[in-house]
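First the structure, in the form of C-alpha cells, and then the observations on it.
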Amino acid sequence: MPRHNKTQLEIKMEDVGIEIDEQVEHNSDDDAGRRGKTNRRQQNHKPSPAGVRKNRNNNRSQPQARNGRRTAVEDDSEDEEEDEAPKPRRGNRKKPAKAQDSDEESEDEQPNRKTNKKGGNQKQKEEPNNKEKQADKKGKGKDKDKDDSKDKKKKKRKDSSSSSSSSSSSDDDSMSEGEMAKLMEEVEEKKKLVSNMRNKPWRMKRRLAALKEAQSFVEKFEGALGKGKGRRLFAYKVMMRKKWIKFQRDFDNFKTSCIPWERKIKEVESHFGSSVASYFIFLRWMYGMNLVLFGITFGLVVIPEVLMGLPYGSIPRKTVPRAEQAKAMDFSTLWDFDGYCKYSVLFYGYYNNQRTIGLLKFRLPLAYLMVGIGTFGYSLMVVIRTMASNANESGGDGEDSDFLFCWKMFTSWDYLIGNSETADNKFASITTSFKEGIVDEEENQKDENIHLRRFLRVLANFLIICSLGGSGYLIYFVVKRSQDFATRNDLGWYEKNEVEIVMSLLGLVCPPLFESIAELEEYHPRIALKWQLGRIFALFLGNLYTFLFALFDEVNQKLAVEESIKNATIWATQMHYANFTGNTSATPPPIDPADVIRGPCWETTVGIEFVKLTVSDIQVTYITILVGDFLRAVIVRFLNYCWCWDLESGFPSYGEFDISGNVLGLVFNQGMIWMGAFYAPGLVGINVLRLLTSMYYQSWAVMSSNVPHERIFKASKSNNFYMGLLLLILFLSLLPVVYTIMTLPPSFDCGPFSGKSKMFDIIMETIELDFPAFVGNIFSYVANPGLIIPAVLLMVWLAIYYLNAVSKAYENSNLELKKKMQMQRDEEKNRRNNQDSTNSIMKDLEDLLPIKSEDGNNTAPENKASTNKNDPPKAPKGADKQGGASRNGSRVNPEKEMSLAVQNPRIAVTRPPGPRPPGPLPGNPQLTVPGQRGRGPPQRVGRGQPRH
Amino acid sequence: MGNKQTIFTDEQLDAYQDCTFFTCKEILRLHSRYHELAPNLVPMDYTNDPDCKVPIQLIINMPELTENPFKERIVESFSEAGDGNLSFNDFVDMFSVLSEMAPRELKAIYAFKIYDFNTDNFICKSDLEQTLNKLTREELTPEEVNLVCEKVIEEADLDGDGKLAFADFENMISRAPDFLSTFHIRI
C-alpha cells in the first residue's frame, strides 16, 4: 500500500510549489494544518545536525537516515547548542503563524523540548516518529488537497531520495568506525520499531507506512554494515536471520492453527460470559496436557511392549488363569475390567521384567519407572509455569478499593458477550451492582445485620463440616464392607460396585446441598463460587483419601496373602519338576501358563480400582448432564404448553451451568489419573478420550439446555484458582504413588519390577550394568535411600522456605510501594496538574482523533490562541498554579514522555503540595463547572494540546 | 490457504502480521468477515488496496458487537474519519486492539478513546453519564447517576480538574483486575 501511495503522490505533486513557512498560514483547510505541523516538525529537527543545515533549501526533509547518523556523531556538541538555541529561534519563525494555530505549535514544542533535553538517544527514537509524519503526509497528499504547498514537498522528496541514496553510496566508501557503530545502532533501533509496531497506538495506515519505511531502511543499510571480508559473513547472517524470522512466524501460524475449539469456546463465551468459558478453556488446557502425557506413556511404554514384548499367552502374567477363562470374555466381566482386560497391556501386571526387549534392546522396566516419574515431573512443570504466566498477566491485584466505582464503570461490561439474553442479564447485574455500591456508599456498612449474618455464616460452616465428616465416614464404612465382600462370591451387582456408587452419589448430592447451605451466607457470587469450590474440594479430597486408606489396607492384606502364595508357587513348581524327574530323565514339559498359581498382584488391583472409579465418574457425569440438564430442559420446554404454571420462569426452569462442580470434577478426575497412571498405563488413554468427548458433549449440552447465570460474574483470575487446585491435587496424588514406589515391595510374579525388592532398584541395576564401574561406585555411596529421601525432603523444604521468604519480601515491598503510591496520589491530587506527563501518548491520542472532529474544534481558535500565549485572565482558581506547575513539569520530567506507563507517581515534585483549592471537589456545588470547563479554553494552558 | 494469493500479497500479509496481533489465517478470516458484511462493496482482491469502507450500520450489527452498549463508540474510535465507517485497515486495527494478545497499555489508550464520547481527549462528566446510562440502560435515577459520576471522578481524578485525563484513566485502569479479561473480543 505505501508504495502505491508514494507513486500516486509523486504524480500528483508534479508541479506545485511554495515555501514551507508560508504554508502554516493556510490553515483554513484541516489538511493544511496537519501538514503544516509535520513540516514544522521537520524543520525543528533539521537544525539539529549541523552538517545538514547547509542543505536546507533543497533538502528540507533529508531522510532521517542521514540525519540520524550525523546526529549521533555530533550529538554532544549539538545538544549543548540546542539547549540554548531552539526556543528563541523557533519562536521567531513561528510568530506569524502563532495566532492562528498556536495549539499546534504548542504540541510541536513538546517533542522539541524533549529532543533537546534527551539528546541523541531521544532523537533517534524520535526519528521513527518523523518518518511517520512523512508517511502520514504522503497519505494526506494523496487525498484531494486544495492547498498548493505540495510541489515543495514533492521536490523535497525527490531531492531527498536522490541525495540520500547518493549520500549513502558515498558513505559506504568513507564510513568510519564510529559512524558504522552509529548506523548499526540505528538499524537496531529500526528493527526494534518493526518488532514493536503492533504495540503502537497509531492508525493502521500509518503503521503500515512506518513499517515499510523502517523495513526498507533496515534493508538498505544493513548490507552496508559489514566491511571487507566481514561483509559477506554479515550478509549471510542477515539473510539467515530473515529466514529464521520467517520460519518463526510460520511456526507461530502453525501453532495457533493447531489450537482446537476456538470457535466453540467463543460461541459459549458469547452466550454465557467469561466465567463459563473459563471452564471450557481449562478443559482444553487439560486436554493438551493429557495429550502429552498420553504421548509419553504410550510412546515409551505401551507401544514398545505391544510391538516388542512377549505376546499374549506366552507367560503366566500375560495369560488369563484357567479358572477365569470361561467367563473372561463376558461383557459383565470386561465391564469390571476383569478377564481379558485385566491381563492386557492396560495394566501394570501385564508387563514383563525382562531387562531389555526387542532388537533395539529397549529397557522397558527402566522406561516404565521413568515414565511414571516423568508424568509427575511434566505435570508439575506445566502447572507451575501456567500459574506463573497467569500471575504475570493478572497484573494489579483487585484488593485495594480505591477505584471501586471506576472499575465498575469501565471494566464491568464484558466485551465478549454476544447474546441478547446474556446481555440483558449483564445489564441487570451491572445496574444492581451500581445500586449496591451506592447503598454501600451511603450506609458504609449495615450494622444491624452483621450479627445475624455472622451467626448464619458460622452455622453454615458448621453444617458443612458435619456433612463432610458424615460423607467421609460413609465412604470408610463402605470400603471396609467391600473388603468383606471381596472374600465372598455370592454378590449382586450392587455389592460389587458399592464403593463407586456411594462415592458418585455423594459427589452428586453434596454439592447442591452445600450450595443451598451457602445461600445462608449471602456472599457475592464470585466469593461464593470460591467457597463452594473449596468445600466441594474438601469433600472430594476427604472421599478420595478415605478411599486411598482403605485401599492401602487392602494392599497390605494382599501383600500378606502374596507371601504365602509365593511359597505355594515355588512348592508347586518344584513338585511339578520333581514328578517328572522322578519318572523320566527327559526335560519336563513346561507348565501351561494358564495353570500357574498366581499372586494377587496388588498393583493391578489398584490400577483396576482407579480405572473403575474413573469410568464410573465419566458415566455419572454424562448421565447427570443428560438427565439433569437435557431432560429437564426438554420437559420444561414442551410440558410448558400444558401445565398449570409457567415452567420456564417458575419452579423447575432451565438449569444453569455448574461451574464449580464441573471444574472440580475435572480436577479430581485428573488427580485420579495421576494416581492411577502408574499402575494402569491405559488410564491416560481413557482420560484423553473422556476429555475429548466431554468437550463436545458439554459444549453441546450447555448450548442446548442451559441458561446463563442470573448474576453473571467475570472470571477474574479464577483461572489461577483452578490451577492452584490442580497443583494441590497434583501434590496430593503424588504422595501415595511415591509412597508405594518407595516402600512397598513389588509383586513377585507380575509387572516390570517383579523380582526386585523395591521398584527403584531398577535404577541401581541400570547404573551397575550399563555405566562404567566408578559411576556405580559413586552412586552406591550416594544412592542410599536413607540418604536420598532426607536429602530430597531437605531440598524441597529449603526451596519452599526460600520461596516463602522471597514472596514475603516482595509482599512487603509491594505494600511499601502501595503506600507510596497512595501518598503520591494524594499529592498528585493536590498538585492539580500533571499535564506534561503523558505527552507522547496524548499526541498519539490526538492523532487518533477523527479528522471530522477537527472542524468542530476550529470554531474557537481565537480563544485557544489567546489563552495559549499568556496565562488566561479568566482562568479558574488555581490556574496560575497550573501554569507554574506545567512549566516546572516540562522542565523536570522530559523522559516521562516516551514511556507509556510512568505518569503521575514519579513526577518530581518541585513544590510542596499546597492546600487543595476549593472548586472541582466532588460533592461541591460547583461541580457543574467541570463539564463546561472540559471544553473550555483554560484547559489548554501549557498542555501539549494539538488541535488541528 | 489456496486463495491466499488472490486476496493479499505475501508482503501485505507479512505487513499485517507485523502491525497486528493476528496470524495470517486470522487476517484472512477477518477479511472474509469483512467481506461478508458487505459483499457488494468489498472486493475479494485486496492486492492493490482498494479504497472502500463499510458503513457503520453494517459493522455494529456484527454478532460480536451487536450487544455491546458502546458499539457505536468502538466503531467510531477506530474509524479514521470518526464517522464509524471502517476501511479494512481500521477493521483489522479494531480487532487487533481488542484481541487477547494486545498489551494493557494499548488497550487502555483505545478504551480511553471509546469512553471519551465527545472526543475532547478528556473523560468529563457528560462522558461518564453517557457511559453509565449505556451500561445500565438508563435504569438509574438522575441523582444516582450524578452520585456515581462524582464518585468516579473523585476516585480517579489525580489533578483535580474535574475530569479524567488519559493519565488518570491509565493509572486507574492499569490496576483494574478485570480490564484485560473484559476488554477483549474474540473474532
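Numbers restart at 1 for each chain; the letters A, B, ... are given by sequence-line order, proteins then strands. Note that the structure is a prediction, hence the values are computed from the model and not measured.
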Intermediate values then yes/no, side-chain contact (heavy atoms from CB on, under 4.5 Å), B:Phe95 and B:Phe78 = CA-CA 10 Å; B:Phe95 284 107; B:Phe78 283 95; over 6 Å; no
Listed partners of B:Arg29 passing side-chain hydrogen bond (donor to acceptor under 3.5 Å, both in side chains), at least two apart | none
Can you say whether B:Tyr115 sits under 4.5 Å from chain A via the side chain, the backbone, both, or neither, judging by heavy atoms?
-> side chain
What is the minimum heavy-atom distance between B:Asp83 and B:Ile56, and which atoms define it?
-> O-CD1, 4.1 Å
Please report the shortest heavy-atom distance between B:Asp116 and B:Arg73, naming the atom on each side.
-> O-NH2, 3.1 Å
Minimum heavy-atom distance B:Ser99-B:Phe21, with the two atoms named | OG-CB, 3.7 Å
Region of A:Phe434 that comes under 4.5 Å of a non-hydrogen atom in chain B | side chain
Consider only side-chain N and O atoms of B:Asn146 and B:Lys125, and report whether a donor and an acceptor are under 3.5 Å apart.
-> yes
Mind ranking B:Met172, B:His184, B:Met62 by heavy-atom pairs under 4.5 Å with chain A and telling me who comes out on top?
-> B:Met172
Tell me, for B:Lys134 versus chain A, whether the close heavy atoms (under 4.5 Å) come from the side chain, the backbone, both or neither.
-> backbone
Shortest non-hydrogen contact between A:Phe427 and B:Glu67, atoms and distance = CZ-O, 4.4 Å
Heavy-atom pairs under 4.5 Å with chain A, option from B:Ile173, B:Leu164, B:Leu128 with the top count | B:Leu128
Of B:Asp18, B:Asp90, B:Asp93, the residue whose pairing with A:Arg207 passes salt bridge (charged side-chain N to carboxylate O under 4.0 Å, His left out) | B:Asp93
Close approach to chain A in residues 30-38 of chain B, criterion heavy atom under 4.5 Å = B:Arg33
Under a 4.5 Å heavy-atom cut-off, does chain A meet the side chain of B:Ile123, its backbone, both or neither?
-> side chain
With a 4.0 Å cut-off, would you call B:Lys163 and B:Asp168 a salt bridge?
-> no
Top residue by heavy-atom pair count (under 4.5 Å) with chain A, among B:Ile185, B:Leu135, B:Val152?
-> B:Leu135
A:Asp250, part contacting chain B, at a heavy-atom distance under 4.5 Å = neither
How about B:Ser87 and B:Asn89: does a side-chain donor come under 3.5 Å of a side-chain acceptor?
-> no
Just checking, is any N or O donor in the side chain of B:Glu139 or B:Thr136 under 3.5 Å from an acceptor N or O on the other one?
-> no
Considering only heavy atoms and a distance below 4.5 Å, find which of B:Val97, B:Val92, B:Thr66, B:Leu132 pairs most often with chain A.
-> B:Leu132
Heavy-atom distances under 4.5 Å only: say whether B:Ala15 touches chain A with side chain, backbone, both or neither.
-> both
Non-hydrogen atoms of chain A under 4.5 Å away: do they reach the side chain of B:Phe22, the backbone, both or neither?
-> neither
Distance-only side-chain donor-acceptor flag, B:Glu76 / B:Ser79, under 3.5 Å = no
With a 4.5 angstrom heavy-atom cut-off, could you sort out which part of B:Asp14 is near chain A: side chain, backbone, both or neither?
-> both
